[in-house]
Peer 1: 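This structure is in structure tokens; I'll ask about it shortly.
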Amino acid sequence: MNPRILIVEDEEDLTLLLRYNLEAAGYEVETVARGDEADVRFKERTPDLVILDWMLPGLSGIEICRRLRARPDTKALPIIMLTARGEESERVRGLSTGADDYIVKPFSLPELMARVSALLRRAAPERVADVLSFGDVELDREKKRVTRAGRPVELGPTEYRLLEFLMERPGRVFSRQQMLDGVWGSDIYIDERTVDVHVGRLRKALNRGHDTDPIRTVRGAGYALDDRFGKPA
């Protein structure tokens with residue numbers, strides 16, 4: 001799954017420019033023009049990085065930054081703050097509030113793209129890695145190939161995305177709804193039982209003979225890659 005970036009910016013031309021270049025670089029991009037709408041969006045779905053304008057209608061970027069840092073699930077979320085305020089005192093204020101980086105308008109687009117890439121590599125290297133490994137399972141994003149103990153594993157497009165989603169966060173338990181949002185997207189309505197069907201297909205493809213099942217079912221909660229998988233007993 002490509003890293004998801006949320007742009008919170010009320011300048012439409014700048015938003016379009018950022019979205020075009022980020023999507024061209026392979027990122028999934030969402031945009032919001034108001035601070036209060038962004039606050040709701042963060043509670044619904046957490047991106048991998050946020051580009052946040054300082055001055056916003058509804059709720060300021062500084063206040064959004066404070067709220068994100070106060071929540072356990074977003075306290076480590078990479079935040080790049082955009083602002084027309086270039087004074088040192090304002091930069092210090094933005095960084096001390098919790099922003100990871102601070103860029104003054106007008107800015108160099110290549111520089112912004114480089115900072116986005118650097119922050120993602122530091123905060124979530126598994127989201128940008130070309131090859132993901134978990135036990136004896138290996139997923140090569142560039143070649144779109146999956147192997148287990150060296151043997152090829154044939155997966156359909158949905159099972160591939162499902163495995164990639166789980167391998168990015170091994171050990172974490174995901175509800176069916178979270179998996180629907182992460183693999184199919186929040187804008188598509190699909191019954192939660194669809195997740196069970198595709199997990200079953202993924203298990204069938206991964207597990208042959210006496211292979212240990214790397215996927216753990218957590219009753220009443222969802223699924224996870226078993227963090228004990230591939231480790232000595």
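Keep in mind that this is a model prediction, so the values were computed, not measured.
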Peer 1: For the residue pair I64 and L56, establish whether any side-chain heavy-atom pair is separated by less than 4.5 Å.
Peer 2: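 Yes, close enough: below the 4.5 Å cut-off.
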Peer 1: List the atom of L68, the atom of T74, and the distance in Å for their closest heavy-atom pair.
Peer 2: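 The pair with the smallest heavy-atom distance is O-OG1, 2.6 Å.
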Peer 1: Check A205 against V153 and note the closest heavy-atom contact, atom names and distance.
Peer 2: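 Residues A205 and V153, closest heavy atoms: O-CG1, 3.6 Å.
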Peer 1: Applying the side chain to side chain donor-acceptor pair (under 3.5 Å) criterion to R176, which one of D196, D181, T194 satisfies it?
Peer 2: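 Only one option passes, and that is D196.
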Peer 1: So, for D226 and F134, which heavy atoms are closest and what is the spacing to 0.1 Å?
Peer 2: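 Result for this residue pair: O-CZ, 3.0 Å.
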Peer 1: With no hydrogens and no angle check, is any side-chain donor or acceptor of R69 less than 3.5 Å from a backbone partner on K75?
Peer 2: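 Side chain of R69 to backbone of K75, a donor-acceptor pair under 3.5 Å: yes, one is there.
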Peer 1: I'd like to check I51 versus V116 (side-chain heavy atoms, cut-off strictly below 4.5 Å). Are they in contact?
Peer 2: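 Of all side-chain heavy-atom pairs linking V116 with I51, at least one is under 4.5 Å.
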Peer 1: H198 pairs by ring-ring contact (aromatic ring centres under 6.0 Å, His included) with which of Y160, W184, Y223?
Peer 2: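 The residue from Y160, W184, Y223 that satisfies ring-ring contact (aromatic ring centres under 6.0 Å, His included) with H198 turns out to be W184.
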Peer 1: Where does the angle between the aromatic ring planes of F165 and F174 fall among parallel (under 30°), tilted (30 to 60°) and perpendicular (over 60°)?
Peer 2: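 Correct class here is tilted.
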Peer 1: So L18 and L112, do their side chains get closer than 4.5 Å, heavy atoms only?
Peer 2: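 Counting from C-beta outward, L112 and L18 do come under 4.5 Å.
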Peer 1: Taking S60's backbone N and O only, do any of them form a donor-acceptor pair with E63's side chain (distance below 3.5 Å, no angle check)?
Peer 2: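 Not at all, since once roles are kept as given, no pair shorter than 3.5 Å links the two residues.
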Peer 1: Would you say V8 and R41 make side-chain contact, with heavy atoms under 4.5 Å?
Peer 2: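 No, too far: nothing below the 4.5 Å cut-off.
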Peer 1: Please check if any side-chain donor atom of T217 sits under 3.5 Å from a side-chain acceptor atom of R203, or the reverse.
Peer 2: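 Result is yes, a qualifying pair exists.
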Peer 1: Report the residues that fulfil salt bridge (Lys or Arg N to Asp or Glu O under 4.0 Å) with D191, sequence neighbours left out, ordered by chain and then residue number.
Peer 2: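 Residues passing salt bridge (Lys or Arg N to Asp or Glu O under 4.0 Å) with D191: R193.
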Peer 1: Looking only at non-hydrogen atoms, find the nearest pair between C65 and A99 and report the distance.
Peer 2: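 So the minimum-distance heavy-atom pair works out to SG-N, 3.5 Å.
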Peer 1: Is any side-chain heavy atom of R45 closer than 4.5 Å to one of R4?
Peer 2: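 R4 reaches R45 side chain to side chain.
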Peer 1: Apply salt bridge (charged side-chain N to carboxylate O under 4.0 Å, His left out) to R141 and E168, showing your working.
Peer 2: CA-CA 12 Å; R141 284 170 159 155; E168 287 174 347; 2.3 Å; yes
Peer 1: Return the minimal non-hydrogen interatomic distance between M113 and A25, and the atom names on each side.
Peer 2: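 Answer, listing the atom of M113 first, then A25: CE-CB, 3.6 Å.
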